[in-house]
Amino acid sequence: MKKIVKSFILMIILSLAVEAVLFNCKFFFSCSSNPEKVSFEAGSGIAEENGSYIIKDYNNSFIEIKGINKDIKYFYIDAECSDQRGYEDICNMQIYAVDEGNSNYYKLGKLETYSSSERSKYVRIHSYGKVKSLRIVFDADTNSELKLNDVVINAKVPFSFSAIRFLLVLLFILLIYLFKPSSEIYSYKFGKASSKRFLKQTVIVAVIIILNISVLYGMSKTNASFVDPPWYHHAQYQQLAHSISHGKVNLDIDGAEILEKMENPYDTELREQEAGSVNHKAWDTAYFQGKFYVYFGIVPELIFYLPYFALTGNDFSNSAAIFLCCSGIVIASFYLMKKIINRYFVNTSFGMYVFLSVIFANSIGTLHMAFYPSFYFLPIASALMFTLFGLAFWLDSAEKWRQEQESGTRNIGALISLSIGSLCMALTAGCRPQFLIASFLIFPIFWKILFNEKKLFTKQNYIKAFCIAVPYIIVAAGVMYYNYIRFGSPFDFGANYNLTTNDMTLRKMNLGRIPDALFMYLFQLPNLSLVFPFIKSAPMQSDYFGKTIYEATYGGVFFTHIFLLILPFAAKVKKQLKDKGLLSFVLLGVLFAVIIAVADAQMAGILGRYTSDFTWLLYLCAVLVFLQLFHSAENSAKRKRLITVMLVCGVCGLVMDLLIAIAQSDLYYYSTEAFFAIKNLFI
């Protein structure tokens, strides 16, 4: 106990040192400076009005500080910017200098400040000797307003202690201590313990899940623009709830008669020219025979929006639906990892179970969805949640089925788990149909068990087949009926009638899109940067001569989630995986991920959020390969090296996913104050 207390005290001291010294280095570098407020001259493109400055000419919107003739360490500018409508905006500035080594102005760099972020207003100047003059050029639109409250050279950066950052650093150090390769946490077998220890493990897992969900909840409330979205087309699920309550499935959007008169209402530019207001309201809806429909999956509507509207008369929130699905993904991930370990890797330690569960749960798009709770993510989030639960229940059924074979007694639990798993997998058809391909993983899960039966065609097997088939039949009947009453065909989901960036009715499969899809989704190197959030969208360059629908991506998943690079090592444990029936699972999982990536690009394009359609498959297969590598390791030294690989790859992938989530969520534009608050934790 004394050792634990001493270790914890050392962690606190180290965390305090990191916070006080590393994150406050600017304070120490500037503490000997002599601050001096300076006056400035406004350029001809800025007009002073009532104590503020109005941008009149973009090309000459600058202020100039002359006659400095001093060495400058830190420069401070307190500027408030408002756009033409009077809304507060980020103040973008380019800073130029004349110094002893440069007789003409040269660019020092770009500075972005925000009124609520005091730390953003300080910048370190690196000049050639003494600075003679400075020019600050404002990157703002004409008629924007500037308030220049203070301009200081050789400013002293104040000491700033962040309790949140201190706790995060302490948590990080604590996790390193708990999960280091020599930690005792790897000596406790998961699920193989006394009832007292099993209870402790259960409590610890429950606490971790609650903490994880709490973090996701905070993230889902961060992006204010998506908590209460101002865009009309983001309320499609809410509008559909109103329509269904009135006995119809089309949306009440005015202007269909305008589209009916158009030669081609699916031509994006033509639609914008001839029906601009309708185009904005009906954006990303399915237009068919004079009516507008939601082509996104119906299941989220039936789970969240319609019941809530029926009970309260109010609209359910998109961000709440995303958060609930993300919470379900976390719970399903822990449950799935438990079933994998119980089924195939019974000697896995509790520490490894916890770490793999946390990394998997948060590295498959969950952070993106939480930071960016747009309704576009909802079909993906709900389908992913159902798929993970479905696989977990199938594995649970497989284990109980095996126990049936060994004991010779029937286990009703096997049938219940089989039915629930099949229902979850079938429901993906009403969320995002791409996930249906995961249903074929039922074959490697049950193949060995099925053929261990002395008689394949038995009454019990017929019952199990019935439990698998019935949920699919029921869900398929509902989805097909919903398709039929909208589009006249049970097999038409309506995606081709989408009023979006291109004419989907004429978008055909094209082999030329495949190389771009595989490269951008899987193998593109991330575009790293030293500017927060340290990653930029990857450049899209192609020899494909055709219309490519592209939204920002941040690197192929094999290089943003380096844990996936474990996959090729499946060749080293091919025999062991095959003996467990997992080799076919891994091969099918990788194949299905590639198929989904190609299908997404063919049907819709290359979009960052679509990586969540298939990353989970690759990650799950990588976990299986890693666990087999670990259990096949000949000695403790090799196992410790594998634990180190797991920790480094897992944490790097999770950090990368977090940074991508911040970049992809557009916090910079949609929730600027939150963006700078998060940025201040890193600088």
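Please read all numbers here as calculations on a predicted model, not as lab measurements. Heads up: numbering here begins at 1 and tracks the sequence. Values below: all heavy atoms of this structure, side chains included; hydrogens, waters and symmetry mates excluded.
When the shell of 6.0 Å around CG of D228 is examined, it contains 12 or fewer heavy atoms from other residues, nucleotides or ligands. Applying the 6.0 Å contact sphere to CZ of F558 captures more than 12 heavy atoms from other residues, nucleotides or ligands. Within a 6.0 Å radius of NZ in K221, more than 12 heavy atoms belonging to other residues, nucleotides or ligands are found.
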Under 3.5 Å, which donor-acceptor pairs link side chains of residues 331-345 to any protein atom two or more places apart or in another chain?
| from | atom 1 | to | atom 2 | distance (Å) |
| --- | --- | --- | --- | --- |
| S333 | OG | I329 | O | 2.7 |
| K339 | NZ | D396 | OD1 | 2.8 |
| N342 | ND2 | K338 | O | 3.4 |

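Ring orientation note: the planes of Y670 and F226 are nearly perpendicular, at an angle over 60° on the 30°/60° scale. Using bins of under 30°, 30° to 60° and over 60° for the plane-to-plane angle, the ring pair F487/Y293 lands in the perpendicular bin.
For S417 (side chain) and G413 (main-chain N/O), a donor-acceptor pair under 3.5 Å exists by modelled atom type. A donor-acceptor pair under 3.5 Å links the side-chain atoms of T366 to the main chain of A361, judged by distance alone. Under the 3.5 Å distance criterion, the side-chain polar atoms of S317 are matched with a main-chain donor or acceptor of S319. The closest donor-acceptor contact from the side chain of T615 to the backbone of G365 lies at 3.5 Å or more, if one exists at all. Side-chain atoms of S397 never come within 3.5 Å of backbone atoms of F393 as a donor-acceptor pair (strictly under, hydrogens ignored).
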In sequence, state the C-alpha distance, the side-chain angles, and the governing distance for N250 and L240, and then conclude on side-chain contact (heavy atoms from CB on, under 4.5 Å). CA-CA 7 Å; N250 62 291; L240 183 57; over 6 Å; no

Stepwise, does the side-chain hydrogen bond (donor to acceptor under 3.5 Å, both in side chains) test hold for T611 with Y554? CA-CA 10 Å; T611 58; Y554 293 83; over 6 Å; no

W616 and T387: side-chain hydrogen bond (donor to acceptor under 3.5 Å, both in side chains), yes or no, with the steps? CA-CA 10 Å; W616 70 274; T387 300; 5.9 Å; no

Worked verdict on R271 versus V278 for side-chain contact (heavy atoms from CB on, under 4.5 Å): CA-CA 8 Å; R271 191 172 65 250; V278 180; over 6 Å; no

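Residues T428 and P433 fail the side-chain proximity criterion, which asks for heavy atoms closer than 4.5 Å. Here the side chains of D516 and Y544 are in contact, with some heavy-atom distance below 4.5 Å. Proximity of Y232 to H280: side-chain heavy atoms (C-beta onward) are nowhere separated by under 4.5 Å. Looking only at side-chain heavy atoms (C-beta outward), L654 and L367 come within less than 4.5 Å of each other. With a 4.5 Å cut-off on side-chain heavy atoms, H368 and D657 count as touching. Contact annotation: the side chain of D284 never approaches that of L499 to less than 4.5 Å [non-hydrogen atoms, C-beta and beyond]. Residues Y521 and F614 have side chains in contact (heavy-atom distance under 4.5 Å, counting atoms from C-beta outward). No side-chain heavy atom of K547 sits under 4.5 Å from any side-chain heavy atom of T501.
Closest non-hydrogen pair, K448 versus K580, comes out as CD-C, 3.7 Å. Nearest heavy atom pair, residue V590 against residue C621, reads N-SG, 4.1 Å. Shortest non-hydrogen contact noted between A552 and S537 is CB-CB, 3.7 Å. Between S374 and I322, the closest heavy-atom pair is O-CD1, 3.6 Å. In this structure, L441 and F585 approach most closely via the heavy-atom pair CD1-CZ, 3.9 Å. Residues F304 and A321 come closest through the heavy atom pair CD1-CB, 3.9 Å.
Tested against Y305, the residues Y237, F375, F296 include a single ring-ring contact (aromatic ring centres under 6.0 Å, His included) partner, Y237. None of N314, D315, N318 except one satisfies the side chain to side chain donor-acceptor pair (under 3.5 Å) rule with Q238; the exception is N318.
A salt bridge links K248 with D252: the closest approach of a Lys/Arg side-chain nitrogen to an acidic carboxylate oxygen falls below 4.0 angstrom. Salt-bridge check for E551 with R609: passed, with a basic side-chain N closer than 4.0 Å to an acidic carboxylate O.
Remark: aromatic rings of Y619 and F563 are close, center separation under 6.0 Å. Checked against the 6.0 Å centroid criterion, the rings of Y287 and Y497 do not qualify as a close aromatic pair. Less than 6.0 angstrom separates the ring centroid of F309 from the ring centroid of H242. Between W231 and H234, the distance separating the two ring centers is shorter than 6.0 angstrom.
For the residue pair Y217/S327, the side-chain donor-acceptor check at 3.5 Å is not satisfied.
Both the sub-6.0 Å distance and the 45° axial angle are satisfied by R432 relative to the ring of Y610.
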